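For clarity, every value in this text was computed on a predicted model and none was experimentally measured. Every chain is numbered from 1 and lettered A, B, ... according to where its sequence line falls, protein lines coming before strand lines.
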Number of protein chains: 2
Amino acid sequence: MPKTGMEPIRRQQLIHATMMSIDEVGLADTTVIRIARHAGVSAGIISHYFGGKDGLLEATMRQILSDLGEAVAARRRALPDSSPHAHIGAIIDGNFDHSQVSGPVAKTWLAFWASSMHKPQLQRLQQVNGRRLYSNLCSQFRRFMPREQARNAARGLAAMIDGLWLRGALTAEGLDAEHARCLAHTHLKQLLADHEPATAS
Amino acid sequence: MPKTGMEPIRRQQLIHATMMSIDEVGLADTTVIRIARHAGVSAGIISHYFGGKDGLLEATMRQILSDLGEAVAARRRALPDSSPHAHIGAIIDGNFDHSQVSGPVAKTWLAFWASSMHKPQLQRLQQVNGRRLYSNLCSQFRRFMPREQARNAARGLAAMIDGLWLRGALTAEGLDAEHARCLAHTHLKQLLADHEPATAS
DNA sequence: ATTCTTTTATTGAACGTTCAATCAATAAAA
DNA sequence: TTTTATTGATTGAACGTTCAATAAAAGAAT
């Protein structure tokens with residue numbers, strides 16, 4: 001049934017099928033045949049569109065990072081005000097966006113995280129993302145904190161966000177996004193309260 | 001050169017070699033031959049002592065978890081006082097013990113973390129450890145907080161500890177244990193200060 | 001409309017590689 | 001002589017990639 005213009009459709013199907021397979025059996029047991037069956041196509045098509053299995057895996061990670069970045073950016077565009085609190089809150093909420101915390105995405109994310117330790121191409125993508133989160137947080141904290149303290153606040157909050165993700169991906173019930181957001185926001189409020197004790201209500 | 005009593009020696013050598021291999025090339029590219037070469041023995045010996053590759057991997061994870069538990073327990077035995085602050089501080093310090101934060105151990109730990117999502121035997125070990133950290137923290141927080149608040153404090157601190165680990169394992173420079181400890185302790189002090197504002201100095 | 005040609009999309013068997021596990025053979029110690 | 005410890009070639013299974021073959025759509029021509 002080959003019509004023209006299949007390429008973007010197939011690419012999307014295969015990326016989605018990759019996440020499903022990683023969700024089901026993990027990255028280690030994800031074979032091209034299993035991905036192809038999930039997408040309802042043959043194994044050879046993967047090399048045709050992505051140059052090979054590695055190309056598909058990299059494209060899948062790119063998609064996840066791109067979606068995450070967009071979720072954060074969208075919330076920062078629609079802020080109620082431009083206070084540091086609002087910006088940091090938007091970054092937190094974006095990181096726990098619904099498109100990001102579903103089981104398949106979260107497990108795929110963690111699988112790539114581990115894998116990126118030894119695959120240079122994934123490592124680059126991973127570091128770009130990690131630094132983006134950190135520096136976004138840091139520049140907001142610096143609006144009302146001295147530099148070194150802002151750095152530490154950013155590092156601590158970034159670690160908490162990643163840690164909540166990590167723990168969420170491992171629990172059988174999946175990540176409770178509402179609860180995770182609540183914990184991160186509570187931590188943020190503490191940081192703010194400690195720094196403006198006189199400005200209460 | 002077979003003497004008697006080689007078993008405990010070989011088991012230790014092979015577990016150590018497993019961590020070295022995972023540090024070098026990752027869990028995915030860690031083969032029995034590579035592990036055996038690291039230990040200076042032949043590949044067949046792994047099946048002889050551990051029943052197969054999976055047995056060795058499980059034994060390696062058990063060793064890491066056991067070392068981590070002991071590092072925490074040792075510090076809790078030698079506390080200056082038995083205040084909640086001291087206990088929680090000891091749990092933090094134990095989790096950033098030098099035996100735990102070296103490159104090979106940290107990378108092996110993260111590799112198993114990801115792998116435990118789809119291997120039931122590793123998952124059990126992982127959950128026992130995660131719950132131990134959480135419930136240890138929780139029971140200390142409850143000594144000066146209402147139950148629900150203590151739970152949230154424990155979840156937040158546990159997430160931060162794991163997040164600092166995670167980010168440390170991924171950076172090329174490795175985990176800066178001193179700095180990570182400092183961030184976790186800062187967060188702890190905020191939790192304490194917020195809850196006893198009248199008892200200052 | 002119908003036929004022919006070209007282009008695009010897809011298949012799946014075959015190939016070469018890699019891996020974990022096995023086991024008969026070996027050698028040192030007891 | 002018996003027991004304990006170890007080797008490494010072999011085996012069979014599984015994997016990613018390749019490529020000749022196939023089929024449907026699109027375009028061209030009558």
Side-chain angles (χ1 to χ4, degrees), chain A residues 1-22 24-61 108 111-112 115 118-122, chain B residues 1-61 108 111-112 114-115 118-122:
Chain A
M1 322 114 186
K3 296 179 188 172
T4 65
M6 281 286 102
E7 181 161 342
I9 296 172
R10 290 279 180 251
R11 290 181 75 97
Q12 205 52 49
Q13 283 178 331
L14 288 168
I15 287 173
H16 184 249
T18 302
M19 296 191 208
M20 289 302 162
S21 172
I22 292 177
E24 278 181 18
V25 297
L27 181 56
D29 292 329
T30 287
T31 69
V32 291
I33 290 178
R34 185 180 284 270
I35 296 171
R37 262 211 289 267
H38 254 287
V41 294
S42 103
I45 217 81
I46 288 174
S47 291
H48 182 247
Y49 281 127
F50 292 95
K53 190 189 181 187
D54 284 348
L56 173 54
L57 294 178
E58 187 186 332
T60 304
M61 186 169 184
T108 304
F112 281 133
S115 177
H118 299 96
K119 302 209 171 173
Q121 276 187 348
L122 297 184
Chain B
M1 324 112 184
K3 296 179 189 171
T4 65
M6 280 287 103
E7 180 160 343
I9 297 171
R10 290 280 180 250
R11 291 181 74 96
Q12 205 52 49
Q13 283 179 330
L14 288 167
I15 286 173
H16 184 249
T18 302
M19 295 190 208
M20 290 301 161
S21 172
I22 293 177
D23 179 51
E24 279 181 18
V25 297
L27 180 56
D29 292 330
T30 287
T31 68
V32 291
I33 290 179
R34 185 180 284 270
I35 296 172
R37 262 211 289 267
H38 254 286
V41 295
S42 103
I45 216 79
I46 289 174
S47 291
H48 183 245
Y49 281 127
F50 292 96
K53 190 190 182 188
D54 284 347
L56 173 55
L57 294 178
E58 186 186 332
T60 305
M61 186 169 184
T108 304
F112 280 133
S115 177
H118 299 96
K119 301 207 172 175
Q121 277 187 347
L122 298 184

Exercise for the section: Flag yes if more than 12 heavy atoms outside A:His16 fall under 6.0 Å of its NE2 atom; otherwise flag no. Expected result: no
Exercise for the section: Take atom CD1 of B:Ile35 and atom P of C:dA20, then tell me their distance rounded to the nearest Å. Expected result: 8 Å
Practice task
Flag the pair A:Phe50 / A:Leu57 as yes when at least one side-chain heavy-atom distance between them is below 4.5 Å, and no otherwise.
Solution key: no
Fill in the blank from the handout: Per the 3.5 Å Watson-Crick/G-U criterion and a run length of at least three, the stems involving DNA chain C are C:1-30 with D:1-30
Practice task
Supply the atom-to-atom distance B:Thr108 OG1 to B:Ile15 CD1, rounded to the nearest 0.5 angstrom.
Solution key: 11.5 Å
Practice task
Using modelled atom types only, decide if a donor and an acceptor are shared between the side chain of A:Thr30 and the backbone of A:Gly26 within a distance under 3.5 Å.
Solution key: yes
Practice task
Could you tell me the separation between the CE atom of A:Met6 and the C1' atom of C:dT11, rounded to a whole number of Å?
Solution key: 16 Å
Problem - Closest non-hydrogen atom pair, A:Ala111 against A:Ile22 - result: CB-CG2, 4.0 Å
Problem - Donor-acceptor pair, side chain of B:Thr60 and main chain of B:Leu56, under 3.5 angstrom - result: yes
Completion exercise
Letter by letter from the 5' end, nucleotides 9-17 of chain D scores (B base, S sugar-phosphate only, - none; protein heavy atoms under 4.0 Å) ------SSB
Problem - Distance, rounded to the nearest Å, where B:Glu7 contributes CD and D:dT3 contributes C1' - result: 15 Å
Practice task
Mind calculating the distance between OH (A:Tyr49) and P (C:dT8) to the nearest angstrom?
Solution key: 11 Å
Practice task
Report the distance from atom CG of B:Leu14 to atom C1' of C:dA20, rounded to the nearest whole Å.
Solution key: 15 Å
Exercise for the section: Starting from C1' on C:dT10, measure out to CD1 on A:Ile45 and report it in whole angstrom. Expected result: 5 Å
Problem - Nearest non-hydrogen partners of B:Met61 and B:Leu122, listed with the distance - result: SD-CD2, 3.6 Å
Practice task
Report yes if a side-chain nitrogen or oxygen of B:Arg34 is closer than 4.0 Å to either non-bridging phosphate oxygen (OP1 or OP2) of C:dC19; otherwise report no.
Solution key: no
Practice task
Look up atom NE2 in A:His48 and atom OG in A:Ser42, then write down how far apart they are to the nearest 0.5 Å.
Solution key: 11.0 Å
Fill in the blank from the handout: Value for NE2 (B:His38) from OG1 (B:Thr18), rounded to nearest 0.5 Å, stands at 9.5 Å
Problem - Rounded interatomic separation in angstrom, taking NE2 from B:His48 and C1' from C:dA21 - result: 14 Å
Practice task
For A:Phe50, answer base if it contacts any base atom (sugar-phosphate contacts may also be present), sugar-phosphate if it contacts only those atoms, and nothing otherwise; contact means non-hydrogen atoms under 4.0 Å.
Solution key: nothing
